[in-house]
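From a predicted model like this one, the values you see are computed outputs, not experimental measurements.
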Amino acid sequence: MSHEHVSYLELLARGAATEAYDRPVLLARASGAGPEELAGLEEAKQLALRVRAELEGRRRREAELSALFATAHDLAGLRDLDAVLRAIVQRARALLGTEVAYLSLNDPAAGDTYMRVTEGSVSARFQQLRLGMGEGLGGLVAQTARPYVTDDYFHDERFQHTRTIDTAVRDEGLVAILGVPLTLGSQVIGVLFAADRRARVFGREQVALLGSFAAHAAVAIDTANLLAETRSALAELERANDIIREHSAVIERASEVHDRLSELVLRGGGVQDVADAVSEVLGGAVEFTETTAGPARHAGGHAVRDGDDWVAAVSAGGEHLGALVLRGRPDLDPVDLRTLERAALVTSLLLLARRSAGEAEQRVRGELLDDLLDAPDRDRRLLRERAARLRADSDAPHVVLAARIDRAGPDGGSEPPGRESADRQRLWSAASHLAATRRGLASARDGGTVLLLPLGPGEDAAELARQTAAQLGGALREPVTVGASAPVRAPLDHPDQVAGAYQEARRCLDALRLLHRAGEGAAAEDLGFLGLLLADSRDIGGFVERTIGQVVAYDGRRGTDLVRTLDAYFASGMSPARTKDDLHVHVNTVAQRLERVGRLLGPDWQSPPRALEIQLALRLHALAAPAPAGDRGRP
């Protein structure tokens, strides 16, 4: 082996730089070596460089495998998610040899993406950057769930540039950026980046390596979320066990009943499930009743004998909620008695929990409606999120309804304060239940209740008001008067319209009381010209259509002069004789036309209230579209 070949081995052994491999050739050429020797040295050099590249690649792969192994080890002992993510970003930066590496996560609640971990960053603006979904290179990665690389960020038009992102990237001085998605299943939850402050081309191996780190990061986030959910579930179970232990200290449970009832509670069972389980354990028929026998009420939680039956009161805080009645087992031993008593205790807890949940939801519905009425400038996105949690319909047209219990007319005096307060509470409770079943909202306000309910298919405001009055009145067994507003389109998108609609509903409610129509439901369109004055919309065309629309349509179809005849009839003091003189027709023609009007408008069209509305509608119709002059002489 020649001396020059030994030199190449020494260079390989000490890991010399690429430039050092030219030295043996240069020395040989300087010493006057012949062409064959120089050719041999050149071949040896190329071989040595290939060996060096292979060794370098192996060392790099070893370093990558070592880093990935260390990351997997971190995941196995995951305690601090931030520490694991920092380690991943640091290793990615070191192995790819970039100046900066960072990781962003999606925030579904805020609808944007934020920086979670940065390594090598020096700009505070960049470290605190939040970007909207679909913006920047990261938005392109999240959109397509594929890696993207740019060697010159500011001149790359493949993704959406924004002033906020570009300013932050410029502050950091970044030029070349590689981003790979963090995915859980098919969902992109964030992006892992490597970046340089100079132009650079990232190779396929580097893209694959960063993708491996991104996969580890996604696993770390998923593991942390699962751990958090597990800890939360354990905490909830621990609190439930504390409650069980507390009540067990008072009344010792038999082991079988304890297991059965605990299982029922944990899986969300109801009162009937408890009765069925106890029936099976005791070998009799157990049922829940809302009435409690006298002796059981005062038995201090103990089951008492009632003929051949056993009765255990279901109560909480001195309030009697009902009783569990066991039939078919007249002879119970002490263990069976304690089983029945424990079942009564669990039943009271389930009833209280159900009531508390219902009251809490009612309060939340009322608070949301109060905000729509009192603070219409609230963030509409937050209003929609609150409505979604209540499963309220956000997009359908809604009607605002004002409801009040009415036992007397408008001048019938007031009720005692205690009775009035109790009535308001009962009305609010019934209205809240109705709102929950109809995916709407309800709140106590101004001595009554206000509801915001969506319109169903084919429903209008007047029909909804009548239904609401009937349903609330039936639930309370009291007359409930309900005034309705005109429909409000998508109230969560137009919260400023809700307060005005409520005022219209209140005016309609007051009008019903003045008209002695207590216990009814109506919208402005039901109140004729009075409704026209009360409504915010001033729907003159709708009033005319409802009042004389059939007559106008008949004239349009048949070419008759019923509208002009009506106008002349009222102008003449409702005298057919003077009407025929005004129209220059025979009195029989007037009679025939008025008879036709009666068939179109109904037999009571000449009653004072109807006549007043028809005259007003005729005037409004004449203003909008004056009737043609001349008498066609047709009935």
Side-chain angles (χ1 to χ4, degrees), residues 409-411 460-463 465-466 483-484 486 504 507-508 510-518 520-635:
D411 55 352
D460 58 22
E463 177 60 26
R466 288 189 285 271
E504 180 181 339
R507 290 195 295 271
C508 188
D510 292 338
L512 286 172
R513 302 179 73 199
L514 288 170
L515 294 172
H516 302 285
R517 291 173 61 179
E520 295 183 25
E525 64 190 57
D526 294 321
L527 303 179
F529 73 92
L530 181 58
L532 183 65
L533 298 175
L534 294 174
D536 285 333
S537 60
R538 301 289 187 268
D539 183 13
I540 293 174
F543 171 74
V544 172
E545 173 63 26
R546 290 191 297 273
T547 308
I548 61 170
Q550 289 181 300
V551 176
V552 173
Y554 190 91
D555 276 354
R557 290 194 308 270
R558 305 292 183 90
T560 55
D561 266 345
L562 298 185
V563 170
R564 193 158 69 93
T565 302
L566 266 178
D567 201 21
Y569 179 65
F570 285 117
S572 68
M574 302 174 72
S575 165
R578 287 197 291 273
T579 301
K580 62 97 175 172
D581 293 334
D582 184 45
L583 296 177
H584 306 292
V585 297
H586 195 277
V587 68
N588 288 341
T589 301
V590 173
Q592 291 170 5
R593 293 180 181 179
L594 295 179
E595 183 181 358
R596 172 62 61 186
V597 168
R599 286 199 291 271
L600 292 172
L601 298 184
D604 65 335
W605 69 275
Q606 297 190 72
S607 65
R610 289 288 308 279
L612 179 59
E613 291 184 0
I614 292 169
Q615 291 177 73
L616 177 59
L618 288 168
R619 294 293 179 270
L620 294 173
H621 177 66
L623 289 173
D631 177 26
R632 295 180 178 84
R634 296 174 61 182

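Nearest heavy atoms, Val585 versus Arg593: CG1-NH2, 4.4 Å. Contact between Ala568 and Thr579 at its shortest, heavy atoms only, is O-OG1, 3.8 Å. Here the closest heavy-atom approach between residue Ala465 and residue Ala523 is recorded as CB-N, 4.5 Å. Closest non-hydrogen pair, Asp555 versus Leu562, comes out as OD1-N, 2.9 Å.
A distance-only check finds no donor-acceptor pair linking the side chain of Glu520 to the backbone of Arg466 [under 3.5 Å]. Side-chain atoms of Ser572 come within 3.5 Å of backbone N or O of Tyr569 as a donor-acceptor pair. Side-chain atoms of Asp604 do not come within 3.5 Å of backbone N or O of Ser607 as any donor-acceptor pair.
The side chain to side chain contact (heavy atoms under 4.5 Å, CB included) check on Asn588 picks up His586, with sequence neighbours excluded. The side chain to side chain contact (heavy atoms under 4.5 Å, CB included) test applied to Val552 returns Ile548, Val563, His621, not counting sequence neighbours. The side-chain hydrogen bond (donor to acceptor under 3.5 Å, both in side chains) search around Arg578 returns none, not counting sequence neighbours. When the side-chain hydrogen bond (donor to acceptor under 3.5 Å, both in side chains) test is applied to Gln550, no partner is found at least two apart in sequence or on another chain. With sequence neighbours excluded, the residues satisfying side-chain hydrogen bond (donor to acceptor under 3.5 Å, both in side chains) with Asp567 are Arg619. Partners of Asp581 by side-chain hydrogen bond (donor to acceptor under 3.5 Å, both in side chains), not counting sequence neighbours: none found.
Here the CE-CG distance, from Met574 to Leu594, works out to 9.0 Å after rounding to the nearest 0.5 Å. Within the model, atoms CD of Gln592 and OG1 of Thr565 stand 11.0 Å from one another, a figure rounded to the nearest 0.5 Å.
A 4.5 Å side-chain heavy-atom check between Leu583 and Arg564 finds at least one atom pair inside the cut-off. Considering only heavy atoms from C-beta on, Leu566 comes within 4.5 Å of Trp605 through its side chain. The closest side-chain heavy-atom distance from Val590 to Glu595 is not below 4.5 Å.
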